[in-house]
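Quick notes on the structure that follows.
By convention here, the first residue in the shown sequence is residue 1. Order of listing sets the numbers, starting from 1, for every ligand and every atom in it.
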Amino acid sequence: MKKTVIELFAGVGGFRVGLNNITTIGEDGRAIEKGPWKFVWANQWEPSTKTQHAFDCYNMRFPHAVDNSNIDISKVDKASIPDHTLLTGGFPCQDYSVAHTLSHSHGIEGKKGVLWWQINEILQVKRPPFVLLENVDRLVKSPARQRGRDFGIMLRCLSEAGYAMEWRIINAADYGHPQRRRRIYIFAFHNSTKHYKEMATLTPAQIISKKGVFAKEFPIESFDENKIKVFDFVEKYGDLVEVSDKFKAEFENAGFMIGNKVYTVKTKPIEEAPITLGQIAEKDGVDAHYFLNENQRKKYEYLRGSKKIPRKDKNGFEYMYSEGAMSPYDELSLPARTMLTSEGTTNRSTHIIKDPKEGKLRILTPVECERINQFPDNWTNSGMPEKRRYFMMGNALVCGIIKKIGNQLKKIIEKED
Ligand SMILES: C[S@@+](CC[C@H](N)C(=O)[O-])C[C@H]1O[C@@H](n2cnc3c(N)ncnc32)[C@H](O)[C@@H]1O
(Lines give C-alpha, C1' and ligand atoms only; values in the text may rest on other atoms or scores of the structure.)
Protein backbone atom coordinates (compact mmCIF):
# COMPACT_ATOMS: atom_id res chain seq x y z
CA MET A 1 0.00 0.00 0.00
CA LYS A 2 1.39 3.40 -0.98
CA LYS A 3 1.65 6.19 1.55
CA THR A 4 -0.47 8.56 -0.51
CA VAL A 5 -2.50 11.31 1.12
CA ILE A 6 -5.03 13.98 0.27
CA GLU A 7 -5.45 17.05 2.48
CA LEU A 8 -8.92 18.59 2.58
CA PHE A 9 -9.62 22.07 4.00
CA ALA A 10 -5.87 22.31 3.84
CA GLY A 11 -5.46 25.84 5.23
CA VAL A 12 -1.72 26.40 5.42
CA GLY A 13 -0.97 22.69 5.53
CA GLY A 14 -0.90 21.53 9.16
CA PHE A 15 -1.48 17.86 8.33
CA ARG A 16 1.31 17.89 5.78
CA VAL A 17 3.74 19.67 8.10
CA GLY A 18 2.98 17.14 10.84
CA LEU A 19 2.93 13.97 8.75
CA ASN A 20 6.07 14.82 6.81
CA ASN A 21 7.89 16.21 9.83
CA ILE A 22 8.63 19.55 8.18
CA THR A 23 10.89 21.75 10.27
CA THR A 24 12.54 23.96 7.64
CA ILE A 25 11.80 26.01 4.57
CA GLY A 26 14.30 25.95 1.71
CA GLU A 27 15.82 29.08 0.19
CA ASP A 28 13.35 28.83 -2.69
CA GLY A 29 10.45 29.07 -0.22
CA ARG A 30 9.52 25.38 -0.58
CA ALA A 31 9.03 23.18 2.44
CA ILE A 32 11.77 20.62 3.00
CA GLU A 33 9.73 17.44 3.33
CA LYS A 34 11.30 14.52 5.13
CA GLY A 35 8.50 12.19 4.11
CA PRO A 36 7.37 9.42 4.10
CA TRP A 37 3.97 10.61 2.82
CA LYS A 38 3.25 11.58 -0.78
CA PHE A 39 0.54 14.22 -0.97
CA VAL A 40 -1.30 13.60 -4.21
CA TRP A 41 -3.98 16.26 -3.89
CA ALA A 42 -4.97 19.15 -1.63
CA ASN A 43 -7.99 21.40 -1.58
CA GLN A 44 -8.33 24.79 0.08
CA TRP A 45 -10.84 27.56 -0.65
CA GLU A 46 -11.72 30.41 1.66
CA PRO A 47 -15.32 31.48 1.01
CA SER A 48 -15.16 34.82 2.86
CA THR A 49 -12.27 36.55 1.06
CA LYS A 50 -11.35 37.30 -2.52
CA THR A 51 -7.64 36.89 -1.91
CA GLN A 52 -6.80 33.29 -1.11
CA HIS A 53 -4.04 33.79 1.45
CA ALA A 54 -4.12 30.27 2.89
CA PHE A 55 -4.03 28.65 -0.53
CA ASP A 56 -1.25 31.00 -1.69
CA CYS A 57 0.83 30.03 1.33
CA TYR A 58 0.17 26.30 0.78
CA ASN A 59 1.04 26.62 -2.87
CA MET A 60 4.26 28.48 -2.12
CA ARG A 61 5.43 25.87 0.38
CA PHE A 62 4.22 22.93 -1.74
CA PRO A 63 4.20 24.04 -5.36
CA HIS A 64 2.33 21.64 -7.60
CA ALA A 65 0.89 23.10 -10.75
CA VAL A 66 -2.09 20.75 -10.89
CA ASP A 67 -2.44 18.93 -7.59
CA ASN A 68 -3.39 21.84 -5.34
CA SER A 69 -6.96 22.84 -5.89
CA ASN A 70 -8.33 26.26 -4.95
CA ILE A 71 -12.05 25.78 -5.47
CA ASP A 72 -15.03 25.23 -3.22
CA ILE A 73 -14.93 21.53 -2.30
CA SER A 74 -18.64 21.22 -3.12
CA LYS A 75 -17.79 22.07 -6.74
CA VAL A 76 -15.15 19.35 -7.03
CA ASP A 77 -16.09 16.27 -9.02
CA LYS A 78 -15.26 13.68 -6.38
CA ALA A 79 -14.43 10.98 -8.92
CA SER A 80 -11.63 13.21 -10.27
CA ILE A 81 -9.78 13.18 -6.92
CA PRO A 82 -6.68 10.97 -7.21
CA ASP A 83 -6.73 7.60 -5.44
CA HIS A 84 -5.21 7.82 -1.98
CA THR A 85 -4.54 5.67 1.07
CA LEU A 86 -5.16 8.36 3.68
CA LEU A 87 -7.71 11.16 3.64
CA THR A 88 -6.92 14.00 6.07
CA GLY A 89 -8.81 17.15 6.98
CA GLY A 90 -9.72 19.62 9.69
CA PHE A 91 -13.25 20.83 9.12
CA PRO A 92 -15.78 22.96 11.05
CA CYS A 93 -18.37 21.77 13.55
CA GLN A 94 -21.68 22.57 11.83
CA ASP A 95 -25.26 21.34 11.96
CA TYR A 96 -25.10 17.83 10.41
CA SER A 97 -28.82 17.10 10.65
CA VAL A 98 -30.57 15.55 7.65
CA ALA A 99 -34.10 15.17 6.30
CA HIS A 100 -35.73 13.06 3.61
CA THR A 101 -35.77 14.88 0.31
CA LEU A 102 -39.25 15.88 -0.79
CA SER A 103 -38.80 14.91 -4.41
CA HIS A 104 -37.26 11.46 -3.87
CA SER A 105 -38.69 9.96 -0.72
CA HIS A 106 -35.71 7.62 -0.34
CA GLY A 107 -33.11 10.36 -0.73
CA ILE A 108 -31.48 12.02 2.21
CA GLU A 109 -30.50 15.66 2.31
CA GLY A 110 -28.17 17.52 4.63
CA LYS A 111 -28.03 21.29 4.94
CA LYS A 112 -26.22 23.11 2.12
CA GLY A 113 -22.70 24.27 2.82
CA VAL A 114 -22.15 21.70 5.59
CA LEU A 115 -18.69 20.38 4.87
CA TRP A 116 -19.14 16.97 6.48
CA TRP A 117 -21.31 15.96 3.49
CA GLN A 118 -18.41 16.72 1.18
CA ILE A 119 -16.12 14.41 3.15
CA ASN A 120 -18.84 11.78 3.22
CA GLU A 121 -19.24 11.94 -0.54
CA ILE A 122 -15.49 11.46 -1.03
CA LEU A 123 -15.60 8.44 1.28
CA GLN A 124 -18.40 6.95 -0.78
CA VAL A 125 -16.79 7.66 -4.15
CA LYS A 126 -13.10 7.03 -3.34
CA ARG A 127 -13.25 4.63 -0.37
CA PRO A 128 -9.81 5.53 1.05
CA PRO A 129 -8.63 2.75 3.39
CA PHE A 130 -7.73 5.25 6.15
CA VAL A 131 -9.13 8.59 7.30
CA LEU A 132 -7.74 11.10 9.80
CA LEU A 133 -9.91 14.04 10.81
CA GLU A 134 -9.59 16.86 13.29
CA ASN A 135 -12.36 18.99 14.73
CA VAL A 136 -13.24 21.09 17.79
CA ASP A 137 -13.99 19.06 20.90
CA ARG A 138 -17.56 20.30 21.15
CA LEU A 139 -18.40 18.15 18.10
CA VAL A 140 -19.23 15.27 20.47
CA LYS A 141 -21.73 17.45 22.36
CA SER A 142 -23.47 19.26 19.51
CA PRO A 143 -26.14 20.50 19.26
CA ALA A 144 -27.00 21.61 22.80
CA ARG A 145 -30.68 20.57 22.49
CA GLN A 146 -29.84 17.05 21.23
CA ARG A 147 -26.40 16.29 22.59
CA GLY A 148 -24.26 13.92 20.55
CA ARG A 149 -26.51 14.01 17.50
CA ASP A 150 -23.97 15.44 15.08
CA PHE A 151 -21.26 13.06 16.14
CA GLY A 152 -23.80 10.22 15.96
CA ILE A 153 -24.60 11.20 12.37
CA MET A 154 -20.93 11.18 11.50
CA LEU A 155 -20.44 7.77 13.11
CA ARG A 156 -23.44 6.38 11.30
CA CYS A 157 -22.14 7.68 7.94
CA LEU A 158 -18.74 6.11 8.57
CA SER A 159 -20.34 2.85 9.62
CA GLU A 160 -22.57 2.76 6.52
CA ALA A 161 -19.49 3.35 4.36
CA GLY A 162 -17.80 0.32 5.97
CA TYR A 163 -15.45 2.02 8.42
CA ALA A 164 -14.58 1.38 12.04
CA MET A 165 -13.08 4.29 13.92
CA GLU A 166 -11.49 5.43 17.11
CA TRP A 167 -11.50 8.94 18.52
CA ARG A 168 -9.76 10.85 21.29
CA ILE A 169 -10.06 14.39 22.54
CA ILE A 170 -6.50 15.54 23.14
CA ASN A 171 -5.26 18.66 24.85
CA ALA A 172 -1.90 19.16 23.11
CA ALA A 173 -0.24 20.65 26.21
CA ASP A 174 -0.99 17.46 28.19
CA TYR A 175 1.42 15.60 25.91
CA GLY A 176 4.35 17.98 25.88
CA HIS A 177 3.24 20.44 23.16
CA PRO A 178 3.27 24.24 23.53
CA GLN A 179 -0.48 24.94 23.44
CA ARG A 180 -3.51 24.10 25.57
CA ARG A 181 -5.56 23.27 22.47
CA ARG A 182 -8.23 20.62 22.99
CA ARG A 183 -9.33 18.99 19.75
CA ILE A 184 -10.96 15.76 18.70
CA TYR A 185 -8.95 13.45 16.43
CA ILE A 186 -10.78 10.77 14.51
CA PHE A 187 -9.07 7.81 12.88
CA ALA A 188 -11.25 5.62 10.66
CA PHE A 189 -10.21 2.45 8.84
CA HIS A 190 -12.10 0.53 6.21
CA ASN A 191 -13.27 -3.05 6.71
CA SER A 192 -11.17 -4.09 3.70
CA THR A 193 -7.93 -3.40 5.62
CA LYS A 194 -5.82 -5.80 7.68
CA HIS A 195 -5.86 -3.22 10.43
CA TYR A 196 -9.66 -3.52 10.66
CA LYS A 197 -9.42 -7.29 10.88
CA GLU A 198 -6.80 -7.03 13.62
CA MET A 199 -8.82 -4.48 15.61
CA ALA A 200 -11.95 -6.64 15.27
CA THR A 201 -10.23 -9.34 17.34
CA LEU A 202 -9.66 -6.98 20.29
CA THR A 203 -12.01 -5.66 22.94
CA PRO A 204 -12.93 -1.95 22.94
CA ALA A 205 -11.13 -1.63 26.30
CA GLN A 206 -7.91 -3.01 24.78
CA ILE A 207 -8.13 -0.62 21.83
CA ILE A 208 -8.89 2.46 23.91
CA SER A 209 -6.31 1.70 26.60
CA LYS A 210 -3.36 0.14 24.73
CA LYS A 211 -3.71 -1.08 21.18
CA GLY A 212 -5.31 1.80 19.30
CA VAL A 213 -3.43 4.54 17.45
CA PHE A 214 -4.19 7.13 20.13
CA ALA A 215 -3.36 4.86 23.06
CA LYS A 216 0.07 4.13 21.61
CA GLU A 217 1.07 7.78 21.20
CA PHE A 218 -0.98 9.45 23.93
CA PRO A 219 -0.93 7.17 26.99
CA ILE A 220 -3.76 7.29 29.49
CA GLU A 221 -4.28 6.15 33.06
CA SER A 222 -5.94 2.76 33.42
CA PHE A 223 -9.72 2.93 33.73
CA ASP A 224 -12.54 0.76 34.98
CA GLU A 225 -13.78 -1.29 31.99
CA ASN A 226 -17.27 -1.37 33.50
CA LYS A 227 -17.48 2.37 32.91
CA ILE A 228 -17.44 1.92 29.12
CA LYS A 229 -20.82 3.00 27.73
CA VAL A 230 -22.22 1.25 24.66
CA PHE A 231 -24.56 2.79 22.09
CA ASP A 232 -26.29 0.92 19.34
CA PHE A 233 -27.19 3.27 16.57
CA VAL A 234 -27.82 0.91 13.69
CA GLU A 235 -30.45 -1.56 14.88
CA LYS A 236 -32.27 1.03 16.96
CA TYR A 237 -32.39 3.69 14.27
CA GLY A 238 -33.65 2.63 10.84
CA ASP A 239 -31.81 5.21 8.76
CA LEU A 240 -29.74 8.35 8.98
CA VAL A 241 -32.85 10.53 9.21
CA GLU A 242 -33.95 8.62 12.30
CA VAL A 243 -30.49 9.08 13.83
CA SER A 244 -30.76 12.76 12.98
CA ASP A 245 -34.21 13.11 14.56
CA LYS A 246 -33.80 10.95 17.65
CA PHE A 247 -30.21 10.04 18.50
CA LYS A 248 -28.80 11.48 21.70
CA ALA A 249 -25.70 10.33 23.54
CA GLU A 250 -23.19 11.47 26.12
CA PHE A 251 -19.94 10.78 24.30
CA GLU A 252 -16.79 10.87 26.40
CA ASN A 253 -13.27 11.93 25.42
CA ALA A 254 -12.30 8.51 24.05
CA GLY A 255 -14.15 5.94 22.03
CA PHE A 256 -14.26 3.24 19.43
CA MET A 257 -16.87 2.22 16.90
CA ILE A 258 -17.11 -1.02 15.00
CA GLY A 259 -20.09 -2.57 13.20
CA ASN A 260 -23.23 -1.29 14.83
CA LYS A 261 -21.80 -0.42 18.24
CA VAL A 262 -20.10 2.61 19.72
CA TYR A 263 -18.10 2.36 22.94
CA THR A 264 -17.03 5.41 24.91
CA VAL A 265 -15.31 6.10 28.21
CA LYS A 266 -13.78 9.03 30.04
CA THR A 267 -10.00 8.80 30.13
CA LYS A 268 -7.22 10.75 31.83
CA PRO A 269 -3.91 11.51 30.14
CA ILE A 270 -0.57 10.49 31.59
CA GLU A 271 0.81 13.98 31.31
CA GLU A 272 4.18 15.15 30.03
CA ALA A 273 5.68 18.54 30.85
CA PRO A 274 4.62 20.99 28.12
CA ILE A 275 6.80 23.35 26.10
CA THR A 276 6.20 26.78 27.66
CA LEU A 277 5.67 30.26 26.23
CA GLY A 278 9.04 31.15 27.73
CA GLN A 279 10.68 28.42 25.63
CA ILE A 280 9.18 29.60 22.35
CA ALA A 281 9.36 33.40 22.95
CA GLU A 282 11.98 35.50 21.14
CA LYS A 283 14.81 36.24 23.58
CA ASP A 284 16.73 38.93 21.69
CA GLY A 285 14.07 41.58 21.33
CA VAL A 286 11.26 42.13 18.82
CA ASP A 287 10.06 45.04 16.69
CA ALA A 288 8.59 48.01 18.57
CA HIS A 289 5.08 47.61 17.09
CA TYR A 290 4.46 44.41 19.11
CA PHE A 291 4.73 46.30 22.41
CA LEU A 292 1.60 47.76 24.03
CA ASN A 293 1.35 51.53 24.24
CA GLU A 294 -0.41 53.10 27.22
CA ASN A 295 -3.77 53.15 25.48
CA GLN A 296 -3.55 49.46 24.46
CA ARG A 297 -2.34 48.49 27.91
CA LYS A 298 -5.47 50.06 29.44
CA LYS A 299 -7.71 48.33 26.88
CA TYR A 300 -6.21 44.94 27.67
CA GLU A 301 -6.49 45.62 31.38
CA TYR A 302 -10.22 46.17 30.87
CA LEU A 303 -10.69 43.24 28.46
CA ARG A 304 -8.91 40.78 30.72
CA GLY A 305 -10.49 42.12 33.92
CA SER A 306 -13.72 40.87 35.52
CA LYS A 307 -16.85 42.64 34.35
CA LYS A 308 -20.62 42.53 34.28
CA ILE A 309 -22.33 43.93 31.18
CA PRO A 310 -26.11 44.19 30.65
CA ARG A 311 -27.09 42.53 27.36
CA LYS A 312 -30.24 41.61 25.44
CA ASP A 313 -30.81 38.24 23.80
CA LYS A 314 -32.51 37.91 20.41
CA ASN A 315 -35.96 37.91 22.04
CA GLY A 316 -35.25 41.22 23.75
CA PHE A 317 -34.77 39.57 27.14
CA GLU A 318 -32.24 41.50 29.26
CA TYR A 319 -29.56 39.60 31.14
CA MET A 320 -26.26 40.27 32.83
CA TYR A 321 -23.23 38.97 30.97
CA SER A 322 -20.30 38.40 33.30
CA GLU A 323 -16.69 37.45 32.79
CA GLY A 324 -14.14 36.53 35.46
CA ALA A 325 -10.71 38.10 35.63
CA MET A 326 -7.81 36.68 33.64
CA SER A 327 -4.25 37.23 34.75
CA PRO A 328 -3.04 40.59 33.30
CA TYR A 329 -0.60 38.74 31.07
CA ASP A 330 0.25 35.14 30.12
CA GLU A 331 2.89 33.49 32.26
CA LEU A 332 6.05 32.47 30.40
CA SER A 333 6.23 29.40 32.63
CA LEU A 334 3.01 27.99 31.08
CA PRO A 335 2.13 26.69 27.63
CA ALA A 336 0.02 29.00 25.43
CA ARG A 337 -3.76 29.05 25.78
CA THR A 338 -5.85 28.05 22.74
CA MET A 339 -4.97 30.32 19.85
CA LEU A 340 -8.05 31.71 18.10
CA THR A 341 -8.38 33.38 14.69
CA SER A 342 -8.70 36.72 16.56
CA GLU A 343 -5.14 36.35 17.94
CA GLY A 344 -3.23 39.61 17.57
CA THR A 345 -6.37 41.81 17.49
CA THR A 346 -7.28 43.81 20.60
CA ASN A 347 -9.25 41.01 22.14
CA ARG A 348 -9.53 39.26 25.51
CA SER A 349 -8.18 36.01 24.09
CA THR A 350 -5.06 37.49 22.47
CA HIS A 351 -1.92 36.40 24.29
CA ILE A 352 0.00 39.12 26.15
CA ILE A 353 3.46 38.31 27.45
CA LYS A 354 6.22 40.14 29.28
CA ASP A 355 8.99 40.41 26.71
CA PRO A 356 11.91 38.28 27.99
CA LYS A 357 14.49 40.92 27.04
CA GLU A 358 12.79 44.20 27.94
CA GLY A 359 10.31 43.03 30.56
CA LYS A 360 7.51 45.08 28.94
CA LEU A 361 4.09 43.84 27.85
CA ARG A 362 3.57 42.88 24.23
CA ILE A 363 1.55 40.67 21.91
CA LEU A 364 3.12 37.59 20.33
CA THR A 365 4.86 37.83 16.97
CA PRO A 366 3.53 35.74 14.04
CA VAL A 367 6.63 33.54 14.31
CA GLU A 368 5.90 32.83 17.98
CA CYS A 369 2.34 31.87 16.96
CA GLU A 370 3.78 29.48 14.38
CA ARG A 371 5.94 27.92 17.09
CA ILE A 372 2.89 27.45 19.32
CA ASN A 373 1.42 25.30 16.54
CA GLN A 374 4.79 23.69 15.79
CA PHE A 375 5.08 25.04 12.24
CA PRO A 376 8.53 26.08 10.98
CA ASP A 377 9.42 29.73 11.62
CA ASN A 378 8.04 32.11 8.99
CA TRP A 379 5.77 29.47 7.46
CA THR A 380 3.00 32.03 6.81
CA ASN A 381 5.43 34.74 5.72
CA SER A 382 4.28 34.12 2.18
CA GLY A 383 3.09 37.57 1.19
CA MET A 384 -0.03 37.89 3.31
CA PRO A 385 -0.61 40.83 5.72
CA GLU A 386 0.59 40.23 9.27
CA LYS A 387 -3.00 40.13 10.62
CA ARG A 388 -3.78 37.21 8.34
CA ARG A 389 -0.76 35.31 9.64
CA TYR A 390 -2.33 35.31 13.12
CA PHE A 391 -5.66 34.28 11.61
CA MET A 392 -4.07 31.31 9.81
CA MET A 393 -2.52 30.07 13.03
CA GLY A 394 -5.86 30.39 14.86
CA ASN A 395 -7.34 28.08 12.23
CA ALA A 396 -4.47 25.61 12.07
CA LEU A 397 -3.53 22.71 14.30
CA VAL A 398 -0.70 21.60 16.57
CA CYS A 399 1.44 19.81 13.98
CA GLY A 400 3.32 17.80 16.62
CA ILE A 401 0.12 15.88 17.42
CA ILE A 402 -0.27 14.91 13.77
CA LYS A 403 3.39 13.90 13.62
CA LYS A 404 2.83 11.45 16.50
CA ILE A 405 -0.34 10.02 14.95
CA GLY A 406 1.63 9.72 11.69
CA ASN A 407 4.20 7.46 13.39
CA GLN A 408 1.45 4.93 14.04
CA LEU A 409 -0.22 5.32 10.64
CA LYS A 410 3.08 4.59 8.94
CA LYS A 411 3.41 1.31 10.86
CA ILE A 412 -0.19 0.35 10.12
CA ILE A 413 0.18 0.98 6.40
CA GLU A 414 3.48 -0.88 6.19
CA LYS A 415 1.74 -3.91 7.73
CA GLU A 416 -0.95 -3.80 5.03
CA ASP A 417 1.54 -4.83 2.30
C1 LIG B 1 -10.12 24.72 10.38
S2 LIG B 1 -9.39 25.27 8.92
C3 LIG B 1 -8.21 24.02 8.61
C4 LIG B 1 -6.81 24.50 8.79
C5 LIG B 1 -5.73 23.53 8.43
N6 LIG B 1 -5.84 22.26 9.10
C7 LIG B 1 -4.36 24.13 8.69
O8 LIG B 1 -3.49 23.46 9.23
O9 LIG B 1 -4.15 25.29 8.35
C10 LIG B 1 -10.62 24.94 7.71
C11 LIG B 1 -10.24 25.41 6.30
O12 LIG B 1 -11.30 25.06 5.40
C13 LIG B 1 -11.38 26.06 4.41
N14 LIG B 1 -12.73 25.99 3.78
C15 LIG B 1 -13.89 26.48 4.28
N16 LIG B 1 -14.89 26.23 3.42
C17 LIG B 1 -14.36 25.54 2.36
C18 LIG B 1 -14.91 25.00 1.16
N19 LIG B 1 -16.19 25.13 0.87
N20 LIG B 1 -14.06 24.36 0.30
C21 LIG B 1 -12.75 24.22 0.60
N22 LIG B 1 -12.18 24.73 1.72
C23 LIG B 1 -12.99 25.38 2.60
C24 LIG B 1 -11.12 27.36 5.19
O25 LIG B 1 -10.69 28.40 4.34
C26 LIG B 1 -10.04 26.91 6.18
O27 LIG B 1 -8.75 27.16 5.68
Side-chain angles (χ1 to χ4, degrees), residues 5-22 31 33 37 39 41-62 67-78 80-81 86-96 110-122 131-139 170 172 177 179 181-186 338-343 366 369-376 378-382 384 388-403 405-406:
V5 191
I6 66 164
E7 186 168 19
L8 302 174
F9 316 108
V12 294
F15 277 95
R16 190 154 174 179
V17 168
L19 285 174
N20 274 343
N21 189 14
I22 298 168
E33 292 192 83
W37 302 88
F39 280 69
W41 193 72
N43 174 263
Q44 161 57 36
W45 182 72
E46 173 50 54
S48 66
T49 57
K50 194 160 174 270
T51 327
Q52 294 290 311
H53 291 126
F55 179 79
D56 293 343
C57 173
Y58 193 97
N59 217 34
M60 176 186 241
R61 303 296 173 224
F62 307 113
D67 303 331
N68 294 335
S69 132
N70 184 212
I71 45 171
D72 182 345
I73 188 71
S74 65
K75 305 218 162 78
V76 171
D77 168 16
K78 307 300 184 290
S80 73
I81 297 174
L86 176 66
L87 176 153
T88 64
F91 62 109
C93 173
Q94 294 169 298
D95 180 336
Y96 299 162
K111 286 206 171 88
K112 258 196 151 179
V114 174
L115 298 173
W116 165 248
W117 303 115
Q118 298 303 317
I119 300 178
N120 195 42
E121 197 187 331
I122 301 175
V131 180
L132 177 63
L133 303 170
E134 180 246 15
N135 206 310
V136 290
D137 57 343
R138 75 166 187 283
L139 171 66
I170 297 170
H177 301 273
Q179 188 183 170
R181 194 178 187 89
R182 192 175 278 117
R183 288 291 182 269
I184 182 166
Y185 299 88
I186 294 163
T338 307
M339 210 171 6
L340 305 180
T341 48
S342 57
E343 183 69 36
C369 293
E370 286 159 351
R371 291 178 188 165
I372 287 172
N373 272 332
Q374 302 185 303
F375 277 82
N378 280 310
W379 186 258
T380 53
N381 192 6
S382 54
M384 70 180 90
R388 297 292 293 170
R389 293 184 64 187
Y390 291 103
F391 182 90
M392 295 301 151
M393 285 299 111
N395 244 346
L397 38 75
V398 179
C399 300
I401 297 283
I402 303 299
K403 180 180 165 189
I405 298 173

### Query
With backbone taken as N, CA, C and O and side chain as the heavy atoms from C-beta onward, which portion of A396 lies under 4.0 Å from ligand 1: side chain, backbone, both, or neither?
both

### Message
So, 4.0 Å and heavy atoms of A10: is ligand 1 close enough to count as a contact?
### Response
yes

### Passing option when S382 is tested against R389, M60, R388 for side chain to side chain contact (heavy atoms under 4.5 Å, CB included)
M60

#### Entry: Contact partition for V17 relative to ligand 1, non-hydrogen atoms under 4.0 Å
neither

### Query
Which ligand 1 atoms are under 4.0 Å away from a heavy-atom of G14?
7 (C), 8 (O)

### Query
Which heavy atom of the protein is the closest neighbour of atom 12 (O) of ligand 1, given with residue, atom name and distance?
F9 CB, 3.3 Å

### Message
Set out, in order, the CA-CA distance, both residues' side-chain angles and the distance that settles side chain to side chain contact (heavy atoms under 4.5 Å, CB included) for W379 and N373, then state yes or no.
### Response
CA-CA 11 Å; W379 186 258; N373 272 332; over 6 Å; no

### Message
For atom 21 (C) of ligand 1, what's the nearest protein heavy-atom neighbour? Residue, atom name and distance, please.
### Response
N43 OD1, 3.2 Å

### Task
Could you tell me whether the side chain of M384 reaches within less than 4.5 Å of the side chain of F391, counting heavy atoms only?
no

### Query
Where the closest heavy atom to atom 15 (C) of ligand 1 is concerned, which of Y58, F391, F375, W45 has it?
W45

### Message
Just to confirm my output: which protein heavy-atom neighbour is closest to atom 24 (C) of ligand 1, and how far is it?
### Response
E46 OE1, 3.5 Å

### Query
Any nitrogen or oxygen of V12, main chain or side chain, under 3.5 Å from a nitrogen or oxygen of ligand 1?
yes

### Query
Going by the order shown, which atoms of ligand 1 are within less than 4.0 Å of some heavy atom of N395?
1 (C), 2 (S), 3 (C), 4 (C)

### Option passing side chain to side chain contact (heavy atoms under 4.5 Å, CB included) with V398 (candidates K403, R183, M339, Q374)
Q374

### Protein residue, atom and distance nearest to atom 10 (C) of ligand 1, heavy-atom basis
G90 O, 3.7 Å

### Query
What atoms in ligand 1 come closer than 4.0 Å to a heavy atom of P47?
15 (C), 16 (N)

### Message
With side chain to side chain contact (heavy atoms under 4.5 Å, CB included) as the criterion, how do D67 and F62 come out once you've worked through the C-alpha distance, each side chain's angles and the decisive distance to 0.1 Å?
### Response
CA-CA 10 Å; D67 303 331; F62 307 113; over 6 Å; no

### Message
Run L397 and F15 through side chain to side chain contact (heavy atoms under 4.5 Å, CB included) and show every step you take.
### Response
CA-CA 8 Å; L397 38 75; F15 277 95; 3.6 Å; yes

### Query
Is there a side-chain contact between N135 and W116 (heavy atoms, below 4.5 Å)?
no

### Task
Pick one of side chain, backbone, both or neither for how L115 approaches ligand 1, counting any non-hydrogen atom pair under 4.0 Å.
side chain

### Summary
In ligand 1, the atoms that come under 4.0 Å of a heavy atom of D72 are 18 (C), 19 (N), 20 (N)

### Task
Give the intermediate values and the outcome of side chain to side chain contact (heavy atoms under 4.5 Å, CB included) for residues F91 and L8.
CA-CA 8 Å; F91 62 109; L8 302 174; over 6 Å; no

### Query
Which protein non-hydrogen atom lies closest to atom 13 (C) of ligand 1, naming both residue and atom, and how far is it?
Q44 OE1, 3.4 Å

### Task
In plain terms, say whether R16 and E7 are close enough for a salt bridge, that is, a side-chain N and a carboxylate O under 4.0 Å apart.
no

### Task
Please examine the side chains of L340 and T338, heavy atoms only from C-beta on, and report whether any two atoms are closer than 4.5 Å.
yes

### Query
Can you tell which part of S74 has a heavy atom less than 4.0 Å from ligand 1: side chain, backbone, both or neither?
neither

### Task
Check whether any N or O atom of I73, backbone or side chain, sits under 3.5 Å from an N or O atom of ligand 1, and answer yes or no.
yes

### Message
Could you check whether any side-chain N or O of T49 sits under 3.5 Å from a backbone N or O of T51, counting only pairs where one atom can act as donor and the other as acceptor?
### Response
yes

